[in-house]
Amino acid sequence: MVETVITFGAILTAITALISIFLVKMTSKESHAGYYPNVFLALVGILLILIASIAPKVDFAGAGFGGIGIACMFAGAIGFIISAVMDSYKNVEA
């Protein structure tokens, strides 16, 4: 189960990081669009953890809703960090 959650988290992190980097590079300096995929993923993670506390045990590829929710929140957090670093480098005044 732990390996499945780590795999889900790594895949979601890579996808979210690529989308966030693309959005940060293609939008204006004042736009916050690069953060939206990370907010969405974090909210999905919170909802999955809440559903896991109510629903009966459901396995998807060896991990339950709670494990996938944790993977989503991990990917959202790492995506926020990557987006913030990219956004700060974009807005630097030399």
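- When hydrophobic residues (I, L, V, M, F, W, Y) are linked wherever their side-chain heavy atoms come within less than 4.5 Å, Y36 remains an isolated member.
- Considering CG of L18 and CD1 of I82, their distance stands at 8.5 Å, rounded to 0.5 Å.
- Connection of I70 to I6 is not established within any shared hydrophobic cluster, with ILVMFWY side chains joined at heavy-atom distances below 4.5 Å, either directly or through further cluster members.
- Legend: residues meeting salt bridge (Lys or Arg N to Asp or Glu O under 4.0 Å) with K25, ordered by chain and number and at least two apart, are absent.
- Atom CE of residue M86 and atom OH of residue Y35 lie 10.5 Å apart, to the nearest 0.5 angstrom.
- Taking every heavy atom of both residues into account, I49 and G66 meet most closely at CG1-O, 4.0 Å.
- Closest of all the heavy-atom pairs between A71 and F8 is CB-CB, 3.8 Å.
- Distance check, rounded to the nearest 0.5 Å: CG of L12 to OG1 of T7 gives 10.5 Å.
- Between the CG atom in N38 and the OG1 atom in T16 there is a gap of 6.0 Å [rounded to 0.5 Å].
- In terms of heavy-atom proximity, A33 sits nearest to L23 at O-CD1, 3.4 Å.
- Linking Ile, Leu, Val, Met, Phe, Trp and Tyr residues whenever their side-chain heavy atoms come within less than 4.5 Å leaves F80 and I19 in two separate clusters.
- In this structure, S53 contributes its side chain and L50 its backbone to a donor-acceptor pair below 3.5 Å.
- Considering CD1 of I81 and OG of S20, their distance stands at 12.0 Å, rounded to 0.5 Å.
- Under the 3.5 Å distance criterion, the side-chain polar atoms of S83 are matched with a main-chain donor or acceptor of G34.
- No side-chain donor-acceptor contact under 3.5 Å links K90 to the backbone of V85.
- The two residues A63 and V5 have their closest heavy-atom pair at CB-CG2, 4.0 Å.
- One distance of note links CG of D87 with NE2 of H32; it measures 7.5 Å at 0.5 Å rounding.
- Here the shortest heavy-atom pairing between C72 and L48 reads SG-CD1, 4.3 Å.
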